[in-house]
Amino acid sequence: MKIDPIRETTDEARTLARQLLEGARHASLGTLDPDTGVPLVTRIALQTDADGAPLALLSGLAAHTRALAADPRAGLLIAAETARGDAMTHARLSILGRAAPVAPDAARRARWLARDPKAKVYLDLPDFRFWRIEPISALLNAGFGQAFRLLPPDMLKPPAE
């Protein structure tokens, strides 16, 4: 009998996934190169939108932006920031999603600059745009033997009551 290594999703797993997303300043972005179909992985600046969804600020000159414009399927890897210990025991969140450009409204812009004031240098350049990555599903590895499958409600902020 084959044992499924994925555990039942817990509130602790949901909390950890939200903490990883909220604390992220960067992520590895996986896209599909439009010319070859081969995966392309790049490092991007990342924050969250008001509801906790991943939000990237991307240059239109970048290969990953061209790839997303051709095929919105995206993968994100967000890893816990730590300088010590075995990297394989640190929490990481792999998100499967679909990316789309979103309006640079005042609230989104203000949230971004509050967390990254140095972005003011390029935020208003004509080739930079916000891209929202709508999660479809995710895998959370919370450490050795602690793997969980997540759905969007498990990662995003709960609706205000």
Side-chain angles (χ1 to χ4, degrees), residues 6 16-143 147-157:
I6 307 296
L16 178 56
R18 290 176 184 138
Q19 288 172 342
L20 286 169
L21 266 167
E22 185 60 35
R25 295 293 186 270
H26 59 83
S28 297
L29 172 67
T31 58
L32 297 173
D33 179 80
D35 296 329
T36 64
V38 175
L40 169 69
V41 179
T42 55
R43 183 174 162 139
I44 61 164
L46 189 81
Q47 293 190 25
T48 54
D49 216 348
D51 65 350
L55 186 69
L57 181 59
L58 304 177
S59 168
L61 304 175
H64 49 244
T65 305
R66 189 170 67 88
L68 290 174
D71 184 338
R73 293 178 292 173
L76 281 177
L77 173 63
I78 300 166
E81 293 294 324
T82 181
R84 301 183 60 157
D86 180 358
M88 297 308 292
T89 64
H90 300 162
R92 51 210 180 266
L93 180 64
S94 298
I95 299 173
L96 301 174
R98 297 182 73 76
V102 291
D105 62 54
R108 190 173 276 136
R109 188 178 187 286
R111 271 195 319 276
W112 191 279
L113 288 173
R115 291 185 69 188
D116 185 7
K118 291 182 179 182
K120 188 164 181 34
V121 173
Y122 51 87
L123 183 66
D124 293 324
L125 292 175
D127 65 302
F128 276 84
R129 296 184 74 180
F130 286 112
W131 286 74
R132 181 181 161 97
I133 296 142
E134 291 292 341
I136 296 169
S137 65
L139 290 173
L140 171 66
N141 186 317
F148 303 91
R149 279 193 183 88
L150 304 174
L151 295 173
D154 297 320
M155 296 174 271
L156 304 179
K157 293 177 182 176

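These numbers come from the heavy atoms of this one structure, side chains and all, not from hydrogens, waters or symmetry mates.
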Using 0.5 Å steps for rounding, measure from the [atom1] atom of [X] to the [atom2] atom of [Y].
X	Y	atom1	atom2	result
Leu151	Ser137	CG	OG	7.0 Å
His26	Ile44	NE2	CD1	10.5 Å
Ile95	Ile136	CD1	CD1	11.0 Å

Show me the donor-acceptor pairs within less than 3.5 Å that the side chains of residues 117-126 make with the rest of the protein, sequence neighbours left out.
{"from": "Asp124", "atom 1": "OD1", "to": "Arg109", "atom 2": "NE", "distance (Å)": "3.2"}
{"from": "Asp124", "atom 1": "OD1", "to": "Arg109", "atom 2": "NH2", "distance (Å)": "3.0"}
{"from": "Asp124", "atom 1": "OD2", "to": "Arg109", "atom 2": "NH2", "distance (Å)": "2.5"}

If the condition is side-chain hydrogen bond (donor to acceptor under 3.5 Å, both in side chains), which residues does [X] pass it with, not counting sequence neighbours?
X	result
Ser94	none
Arg111	Asp49
Arg149	none

Nearest heavy-atom pair of [X] and [Y]: which atoms, and what distance?
X	Y	answer
Ala103	Phe130	O-CD1, 4.5 Å
Met155	Pro135	CE-CB, 3.6 Å
Leu93	Ala17	CD2-O, 3.9 Å
Pro153	Arg18	O-NH2, 2.7 Å

Set of salt bridge (Lys or Arg N to Asp or Glu O under 4.0 Å) partners for Arg73, sequence neighbours left out: Asp71
What residues, two or more places apart in sequence or in another chain, satisfy side-chain contact (heavy atoms from CB on, under 4.5 Å) together with Ala24? Leu46, Ile78
Taking side chain as C-beta onward, heavy atoms only, is Leu29 less than 4.5 Å from Leu68?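 In contact.
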Which pairs pass salt bridge (charged side-chain N to carboxylate O under 4.0 Å, His left out) with one or both residues in residues 52-64, sequence neighbours excluded?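 Residue pairs with at least one partner in residues 52-64: there are none.
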Which atom pairs, one a donor and one an acceptor, fall under 3.5 Å between side chains of residues 51-67 and the rest of the protein, sequence neighbours left out?
{"from": "Asp51", "atom 1": "OD1", "to": "Ala53", "atom 2": "N", "distance (Å)": "3.1"}
{"from": "Asp51", "atom 1": "OD1", "to": "Arg132", "atom 2": "NH1", "distance (Å)": "3.0"}
{"from": "Asp51", "atom 1": "OD1", "to": "Arg132", "atom 2": "NH2", "distance (Å)": "3.4"}
{"from": "Asp51", "atom 1": "OD2", "to": "Arg132", "atom 2": "NH2", "distance (Å)": "2.6"}
{"from": "Ser59", "atom 1": "OG", "to": "Leu61", "atom 2": "N", "distance (Å)": "3.1"}
{"from": "Ser59", "atom 1": "OG", "to": "Asp127", "atom 2": "OD2", "distance (Å)": "2.5"}
{"from": "His64", "atom 1": "ND1", "to": "Thr42", "atom 2": "OG1", "distance (Å)": "2.9"}
{"from": "Thr65", "atom 1": "OG1", "to": "Ser59", "atom 2": "O", "distance (Å)": "2.6"}
{"from": "Arg66", "atom 1": "NH2", "to": "Asp35", "atom 2": "OD2", "distance (Å)": "3.3"}

Can you name the ring-ring contact (aromatic ring centres under 6.0 Å, His included) partners of Trp131, sequence neighbours left out? none
